[in-house]
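Below, chains carry the letters A, B, ... as their sequence lines are ordered, and counting in each starts from 1.
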Number of protein chains: 2
Amino acid sequence: MVSSKDVARYAGVSQTTVSRVLNNPDMVEKKTLEKVTRAMKEMNYRPNSVARSLVNRRTKSIALLSGPLHNPFFVETTTSIVNYSKQRGYNVNVHFENFGDNMSVYQDVLASKVDGIILSSILYEDPIFSELQSLDIPFMMFNRKHKKPGNFVEMDNIEAGRKATRHLLELNHRHIAWIGGPMNMTTFSGRYEGFQQEMKENGCTISPQNVNITDTSEADICRVMSDLLAEKERPTAIFAATDSIAIFLLDYLIQKGYQVPEDMSLIGVDNIALSRHHSFRLSTVGMNEKENLGRIAIEHLIDKIESSDDQFVEKTYPAQLYQRSTTKNI
Amino acid sequence: MVSSKDVARYAGVSQTTVSRVLNNPDMVEKKTLEKVTRAMKEMNYRPNSVARSLVNRRTKSIALLSGPLHNPFFVETTTSIVNYSKQRGYNVNVHFENFGDNMSVYQDVLASKVDGIILSSILYEDPIFSELQSLDIPFMMFNRKHKKPGNFVEMDNIEAGRKATRHLLELNHRHIAWIGGPMNMTTFSGRYEGFQQEMKENGCTISPQNVNITDTSEADICRVMSDLLAEKERPTAIFAATDSIAIFLLDYLIQKGYQVPEDMSLIGVDNIALSRHHSFRLSTVGMNEKENLGRIAIEHLIDKIESSDDQFVEKTYPAQLYQRSTTKNI
DNA sequence: CCTATGTTTGAATACGTATTCATAACAAAA
DNA sequence: TTTTGTTATGAATACGTATTCAAACATAGG
């Protein structure tokens, strides 16, 4: 590979001058500049970004630790994060959460030299948190957050849980089942908390068999749903903790011959784009449609990288109901 | 940041020994090894991957230049590529195609030091091709390919086009509209070619207003579809060049009060997971469900990186029909 | 005891760039 | 002419690691 030294020799100048042509062109005489520029072209020179990073002490790249893309919510955030980062001149190393073995993903992220880290995949008491802190580079959580204070942007999950539940209650549902994911993720615990609060305040009880915690895999959701359908006193409505789960449930229910919402009301959370599809018209709760948590988070992160201000960004955005066609009065 | 030199000083050894502890632990005496290991722990030492890359001349990272994730096909390939790469010890820099200005994306990719490049976003006569070649690192195309010989894996797009068309013809459709993307992408040109061939062989003509080329944006697809619906002799079936387009059309049609397949048959290509959803049951043509082009491509790419064999991988996989519920006899 | 062999270690160097500091060339001012 | 200042350039160095080469030392065989 041709280096700046090669270019220098070819152009009859010092490596320093070549470097200056790239970074401080006005410090070099016009004639020299042309000469060097031509040499670079002719030799097809490309600056070695690794060497640059070593001396500049920044890689212009960011690690994204995201939830899996089979949840369309993360499709939208990943797209925003990658595209906005590009705009600001950063590359994004993408990693996906791995339920079985997140530690190895963490190790990859910790080992890779990046200017900042943005992650949705963190548990409420995740030990990764202190490791991230020790890296001494900015990191930002979105969607989910950690117990300890740090940078995060999230939706008001409790409010989301309450609004979804209130909607179902207003439609006269009393027998409501919850299908969610692991409670050590604040999205799930928060939304469940809201569900509980609202039910309690309205004098409704939640029977234990109607609280279903899955690992969000399709197989596990199937298992849970088939249990629910087999209950003597089958629930009339399901509160799915995410639109992704809801859409999968929809698939399962239709496949088994049930009609939504006639046989079962269904509401999700996140208001992902797919929920608006007229084949679904999924009722859901989510943020203002203009806002994207990924986008908000990456913007803050890059600001932090470039300003190195150490004030925590902690933002919780309101949730609102999007009533569509998968919930109905009984 | 603490360096190997700091660790060396603290442990009372040379930097060489610290390096050996990391890379050739059996070359160093057990006692020394423990001493150094302890020092690394105590100082919270993390090897600088940038410095490593500089001397090793490999970054253990790969650039992915992907089509946009709002096409679920790329969700599936991106997931495979990222996860498989991790398994083989590589990070993935993700970039998304940008219809308006792909050159700047290309520049980003060319500037970033990676061990290999995997891309779906290439045009049939894309000038990026020769630039990629001049980088002298392996690159692999998937889904779409280039005019010149190189590494690629694809579905047999012509066969796909023929099979989808044949299916519609067998259902007695004669008035079939095509909605696709830019013809300088081999996915679209190949599928269209198959559409043409099959129509011709069966004595069917394609009227010009039924050939619709979009930029695959929602707005443009809307425009085209509304034109089609306004035709005097409205087509009875639509061949959407991708499932992604088909699913969007489905949304549009339902929203406008049409029923699929009663008012209009609809078939896509790609057989993405979402097409199987029982709210859609989209008829489509695609590869064997076990195969994933992204996965196949990344496997070849990493093999190439690690073996540096220079034989081209050129693979074209057969397409098959998946008949579901969006196509019906008339 | 001497030589041959193996083991463990460190000094020096390379990777490719950006930056600091010094110098040379030259013009302007005194 | 000397001084001062300005502009353009290059030599040397730093970034943090891996590797080469040589040296120090121990062990075994004769």
Novice: Salt bridge (Lys or Arg N to Asp or Glu O under 4.0 Å) between R295(A) and E299(A): does it pass, once the steps are laid out?
Specialist: CA-CA 6 Å; R295(A) 165 60 193 264; E299(A) 199 165 337; 3.2 Å; yes
Novice: Does a nitrogen or oxygen in the side chain of S4(B) sit under 4.0 Å from OP1 or OP2 of dT17(D)?
Specialist: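 So the side chain of S4(B) is within the cut-off, an N or O lying under 4.0 Å from OP1 or OP2 of dT17(D).
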Novice: So how far is it from L33(B) CG to K31(B) NZ, rounded to the nearest 0.5 Å?
Specialist: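 Between atom CG of L33(B) and atom NZ of K31(B) there are 13.0 Å.
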Novice: Report each atom pair, protein N/O against N/O of nucleotides 23-28 of chain C, whose distance is under 3.5 angstrom.
Specialist:
none

Novice: Below the 4.0 Å mark, does dA18(D) have OP1 or OP2 next to a side-chain nitrogen or oxygen of S19(B)?
Specialist: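 Checking S19(B) against dA18(D): at least one side-chain N or O falls below 4.0 Å of OP1 or OP2.
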Novice: Output all residues satisfying side chain to side chain contact (heavy atoms under 4.5 Å, CB included) with K315(B), sequence neighbours left out; order by chain, then residue number.
Specialist: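 Residues passing side chain to side chain contact (heavy atoms under 4.5 Å, CB included) with K315(B): V153(B), H300(B), V313(B), Y317(B).
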Novice: In whole angstrom, give the distance that lies between atom CG of N24(A) and atom C1' of dT7(D).
Specialist: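 Taking CG of N24(A) and C1' of dT7(D), I get 14 Å after rounding.
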Novice: R57(A): what forms a side chain to side chain contact (heavy atoms under 4.5 Å, CB included) with it, not counting sequence neighbours?
Specialist: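 Partners of R57(A) under the side chain to side chain contact (heavy atoms under 4.5 Å, CB included) test: none.
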Novice: Rounded to the nearest Å, what distance is computed from the NZ atom of residue K60(A) to the P atom of nucleotide dT17(C)?
Specialist: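 From K60(A) NZ to dT17(C) P: 18 Å.
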Novice: Indicate the ring-plane relationship of Y124(A) and H146(A), choosing parallel, tilted or perpendicular according to the 30° and 60° boundaries.
Specialist: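 The rings of Y124(A) and H146(A) sit tilted, inter-plane angle from 30° to 60°.
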Novice: Look at the side chain of D115(B) and the backbone N and O of T59(B), then say whether any donor-acceptor pair between them is shorter than 3.5 Å.
Specialist: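 Here the side-chain-to-backbone pair exists.
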Novice: Can you tell me the distance, in whole Å, between the CZ atom of R58(A) and the P atom of dG16(D)?
Specialist: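 So the two atoms are 15 Å apart, to the nearest Å.
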Novice: Quick one: K31(A) NZ to dA8(D) P, roughly how many Å, whole number?
Specialist: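 About 13 Å, once rounded to whole Å.
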Novice: Using atom names, set out every protein N or O paired with an N or O of nucleotides 6-10 of chain C below 3.5 Å, distance rounded to 0.1 Å.
Specialist:
from: dT9(C); atom 1: OP1; to: E29(B); atom 2: OE1; distance (Å): 3.4
from: dT9(C); atom 1: OP1; to: T32(B); atom 2: OG1; distance (Å): 2.4
from: dT9(C); atom 1: OP2; to: E29(B); atom 2: N; distance (Å): 2.9
from: dG10(C); atom 1: OP2; to: S14(B); atom 2: N; distance (Å): 3.0
from: dG10(C); atom 1: OP2; to: S14(B); atom 2: OG; distance (Å): 3.1
from: dG10(C); atom 1: OP2; to: T17(B); atom 2: OG1; distance (Å): 2.5
from: dG10(C); atom 1: N7; to: R20(B); atom 2: NH2; distance (Å): 2.7
from: dG10(C); atom 1: O6; to: R20(B); atom 2: NH1; distance (Å): 3.4
from: dG10(C); atom 1: O6; to: R20(B); atom 2: NH2; distance (Å): 3.4

Novice: Is it the case that the side chains of S104(A) and K86(B) hold a donor-acceptor pair, with the cut-off being a distance below 3.5 Å and no angle test?
Specialist: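 There is such a pair between these side chains.
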Novice: Using atom CG of L22(A) as one end and atom P of dT17(C) as the other, report the distance to the nearest whole Å.
Specialist: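 Going from L22(A) (CG) to dT17(C) (P), I get 8 Å.
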Novice: Looking at every heavy atom in both A63(A) and V114(A), which two are closest together, and how far apart are they?
Specialist: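 Smallest heavy-atom distance, with atoms named: N-CG1, 3.8 Å.
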Novice: Contacts to DNA chain D from residues 39-56 of chain A, heavy-atom cutoff under 4.0 Å, which residues?
Specialist: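 Of all residues in residues 39-56 of chain A, the ones placing a heavy atom under 4.0 Å from DNA chain D are L54(A), V55(A).
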Novice: Using a strict threshold of under 4.0 Å (side-chain N to carboxylate O), is an ion pair present between R46(B) and E131(A)?
Specialist: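 Salt bridge between E131(A) and R46(B), a charged N being under 4.0 Å from a carboxylate O: yes.
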Novice: Is there side-chain contact between F152(B) and T316(B), with heavy atoms separated by less than 4.5 Å?
Specialist: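 In contact.
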Novice: For residues 40-94 of chain A, which residue pairs pass the ring-ring contact (aromatic ring centres under 6.0 Å, His included) check, not counting sequence neighbours?
Specialist: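 Applying ring-ring contact (aromatic ring centres under 6.0 Å, His included) to every pair that reaches into residues 40-94 of chain A, excluding sequence neighbours, yields nothing.
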